[in-house]
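Chain letters run A, B, ... following the sequence lines, proteins first, then strands; residues in each count from 1. Owing to the predicted nature of the structure, the values given are computational and were not obtained by experimental measurement.
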There are 2 protein chains.
Amino acid sequence: MFHIDQRSSTPIYQQLIQGVKEALLRGGLRFGDKMPSVRELAGQLAINPNTIQKAYQELERQGVIESLRGRGTFVCQHIEAHADLARQAEVNEALRKALIEAHYLGLGAEQIMAMVKEHLHDLSIGGE
Amino acid sequence: MFHIDQRSSTPIYQQLIQGVKEALLRGGLRFGDKMPSVRELAGQLAINPNTIQKAYQELERQGVIESLRGRGTFVCQHIEAHADLARQAEVNEALRKALIEAHYLGLGAEQIMAMVKEHLHDLSIGGE
DNA sequence: CGCAGTGTACTACCTGATATAGTACATATA
DNA sequence: TATATGTACTATATCAGGTAGTACACTGCG
């Protein structure tokens, strides 16, 4: 269901978080869908259940999914944008860093804007 | 000279790399400038010299600065864009992640584009 | 030449995050 | 009750980041 690179330096639980978010944007997951259980996904991906749980907990903290003991884990019906100031600053900083790196790769403003547009389209991110 | 947050989870040497690149874009550092010596900067920032050296080595690997044994470390005269494919992929992925996070903060495409433009202007990144 | 300042290299060690392993408990559903 | 689920907890191993200390090589200058 998700692609995990064991050799990657980025933690598995973060790869999983990223994968869920991308799947949601791309349509592979829809609002209300039931997620695989912690143990099931752990079996599929050959990963320790604790690692799955960690990813699920973080996704729940961010309001993307919802866990119900005894029932399962589900994608939230309405993903509300929670205006977390600290998180906003983080994202802003990450964006800034990416743009600086893009510049040091020799890309100009126009090329960078084109890349951004392409990503937004690819992720089906439209107007508000 | 640079602002380091000891409590940040991002490694000190990466903060330093980021700081040098930003200083260069903003004009705080100019091509040919002499960087503080490893020991001097370590003293100023109350950081181990090895950490400074690690940052300098990475900056040299990226072609931003140049170290001359016995003389010092200098900002390169001409920062050449080296088309490192692996690095390109990294930057592309970092940009993608940042955009996904921005979307989950509730930002629409227009707002994101506005943020990008603001950053590019703030960093004086123009056309090629 | 001798000396100070510089970059560089290396080993050893500590800490925290990551991931795994195992166990146990709570709750919902059939 | 039985099963599947989420949840919690301890213990362990590994690795990256950072620190500490030492040593060596080179440059520039008196």
Contacts of Ser8(A) meeting side-chain hydrogen bond (donor to acceptor under 3.5 Å, both in side chains) (sequence neighbours excluded), chain-then-number -> Thr10(A)
Whole-Å distance between dT8(C) C1' and Ile65(B) CD1?
14 Å
Detail all sub-3.5 Å separations between protein N/O atoms and N/O atoms belonging to nucleotides 14-17 of chain C.
none

Going by heavy atoms in the side chains, are Ile100(A) and His119(B) under 4.5 Å from each other?
no
Got Met115(B) and Leu107(B) here, is their nearest side-chain heavy-atom distance under 4.5 Å?
yes
Going by salt bridge (charged side-chain N to carboxylate O under 4.0 Å, His left out), name the residues that satisfy it together with Glu58(B), two or more places apart in sequence or in a different chain.
Arg61(B)
side-chain hydrogen bond (donor to acceptor under 3.5 Å, both in side chains) partners of Thr73(A), counting only residues at least two apart:
Ser67(A)
Got a sec, which residues hit salt bridge (charged side-chain N to carboxylate O under 4.0 Å, His left out) with Glu90(A), two or more places apart in sequence or on another chain?
Arg87(A)
For DNA chain D, note the earliest and the latest nucleotide, 5' to 3', having some atom under 4.0 Å of a heavy atom belonging to chain A.
dT5(D) to dC9(D)
Set of residues satisfying side chain to side chain contact (heavy atoms under 4.5 Å, CB included) with respect to Ile4(A), sequence neighbours excluded:
Ile12(A), Gln15(A), Leu16(A), Leu45(A), Ile47(A)
So the side-chain hydrogen bond (donor to acceptor under 3.5 Å, both in side chains) pairs with at least one residue in residues 19-31 of chain B (sequence neighbours excluded) are Arg96(A)-Glu22(B), Glu101(A)-Lys21(B), Lys21(B)-Gln62(B), Arg26(B)-Asp122(B)
Given protein heavy atoms under 4.0 Å, the one-letter contact record of nucleotides 2-7 of chain C, with B base, S sugar-phosphate only and - none, is simply ---BBB
Please indicate whether Glu60(A) has more than 12 foreign heavy atoms, meaning atoms of other residues, nucleotides or ligands, lying under 6.0 Å from its CD.
yes
Identify, with sequence neighbours excluded, every residue that meets side chain to side chain contact (heavy atoms under 4.5 Å, CB included) alongside Ala23(A).
Phe2(A), Leu29(A)
Restricting to side-chain hydrogen bond (donor to acceptor under 3.5 Å, both in side chains), what partner residues turn up for Glu40(B), sequence neighbours left out?
Gln44(B)
For residues Ser124(A) and Leu25(A), determine if any side-chain heavy atom of one lies less than 4.5 Å from a side-chain heavy atom of the other.
no
Counting only non-hydrogen atoms, which of residues 44-52 of chain A are less than 4.0 Å from DNA chain C?
Ile47(A), Asn48(A), Asn50(A), Thr51(A)
